[in-house]
Peer 1: 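Have a look at the structure that comes next, please.
Note that these values count all heavy atoms, side chains included, but never hydrogens, waters or copies made by symmetry. All residue numbers refer to positions in the sequence shown, counting from 1.
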Amino acid sequence: MENKERPHIFYGQLDNPDWPLYLAATAEGLCFIGSLDEGFDELTKWAGKYTPYALLEENEGELAAYAKQLQEYFKGERSQFELPIDTTGTAFQQEVWAALMELPYGATTSYGEIASRINKPGSSRAVGTAIGKNPVLIVVPCHRVIHKNGGISGYRGKLPMKKKLLELEAVRRN
């Protein structure tokens, strides 16, 4: 396969000492946000699953608009993102991720409530699995999904990151 046919995934690291996350985007939009305490390997593993023929190119200029909105979010200056995303997933995953995008800043919901929102009551475990495959953490706010009893678990970015995001939004809301 020639390089011109290979999809480009531009990547870079967010320049934020508290949130050193890897970001990636295609020409269509943001396609990946990494986890705290995970390095470049997380990005390459994801890219290999996303499309094994992708050409990874470090290019922070291509990511500047995405990085700017994330920086604003971390400073408490932004509660909604206005940027294109480019996610690949099953129809069910896309449905779950779309429901997550409707969750307001600072609010939480349960896996069962998401299942009900997509008219698939009783599929809360499948919803949890779909949430775990979310490639665009924070922007597709899966951190806002908790157990119906208020407990938190299951986050691709690991629990300390989920707790930190929930605290950030709770502090900003008050």
Peer 1: Would you check if I152 and T108 make a side-chain contact, meaning some heavy-atom pair closer than 4.5 Å?
Peer 2: no

Peer 1: For R156 and E38, what are the C-alpha separation, side-chain angles and deciding distance, and is it a salt bridge (charged side-chain N to carboxylate O under 4.0 Å, His left out)?
Peer 2: CA-CA 11 Å; R156 177 174 64 85; E38 294 291 329; over 6 Å; no

Peer 1: Between R117 and E113, does any side-chain N to carboxylate O distance fall below 4.0 Å?
Peer 2: no

Peer 1: Under 4.5 Å between any side-chain heavy atoms of K158 and S35, yes or no?
Peer 2: no

Peer 1: Enter the distance from D37:CG to L21:CG here, rounded to the nearest 0.5 Å.
Peer 2: 9.5 Å

Peer 1: Kindly give the heavy-atom pair with the smallest separation between Q71 and D15, and that separation in Å.
Peer 2: NE2-O, 2.7 Å

Peer 1: What are the two closest heavy atoms between L63 and A24, and how far apart are they?
Peer 2: CD2-C, 3.9 Å

Peer 1: Check whether any side-chain heavy atom of P20 sits under 4.5 Å from a side-chain heavy atom of L36, and report yes or no.
Peer 2: yes

Peer 1: Taking all non-hydrogen atoms of both residues, which atom of E95 and which atom of I118 are closest, and how far apart?
Peer 2: OE2-O, 3.4 Å

Peer 1: For K120, does the NZ atom have more than 12 heavy-atom neighbours from other residues, nucleotides or ligands under 6.0 Å away?
Peer 2: yes

Peer 1: Hey, could you give me the NZ/OG1 distance between K49 and T44, rounded to the nearest 0.5 Å?
Peer 2: 10.5 Å

Peer 1: What is the minimum heavy-atom distance between K68 and E72, and which atoms define it?
Peer 2: NZ-OE2, 2.6 Å

Peer 1: Between Y111 and G154, what is the shortest heavy-atom contact and its length?
Peer 2: OH-O, 3.7 Å

Peer 1: Is there a side-chain contact between K164 and D18 (heavy atoms, below 4.5 Å)?
Peer 2: yes

Peer 1: Could you check F32, W46, Y11 and say which one makes a ring-ring contact (aromatic ring centres under 6.0 Å, His included) with F40?
Peer 2: Y11

Peer 1: Is there a side-chain contact between F74 and L14 (heavy atoms, below 4.5 Å)?
Peer 2: yes

Peer 1: Can you check whether C31 reaches F10 side chain to side chain, under 4.5 Å on heavy atoms?
Peer 2: no

Peer 1: Under a 4.5 Å cut-off applied to non-hydrogen side-chain atoms, are W19 and L70 in contact?
Peer 2: no

Peer 1: Is any side-chain heavy atom of V127 closer than 4.5 Å to a side-chain heavy atom of F92?
Peer 2: yes

Peer 1: I'd like a table of donor-acceptor pairs (distance under 3.5 Å, sequence neighbours excluded) in which one partner is a side-chain atom from residues 135-144, with atom names and distances.
Peer 2:
from : atom 1 : to   : atom 2 : distance (Å)
H143 : NE2    : E169 : OE2    : 2.8
R144 : NE     : E169 : OE1    : 2.9
R144 : NE     : E169 : OE2    : 3.3
R144 : NH1    : L103 : O      : 2.8
R144 : NH2    : E169 : OE1    : 3.4
R144 : NH2    : E169 : OE2    : 2.9

Peer 1: Does E167 form a salt bridge (charged side-chain N to carboxylate O under 4.0 Å, His left out) with K163? I'd like the steps, not just the answer.
Peer 2: CA-CA 6 Å; E167 289 168 4; K163 288 178 185 175; over 6 Å; no

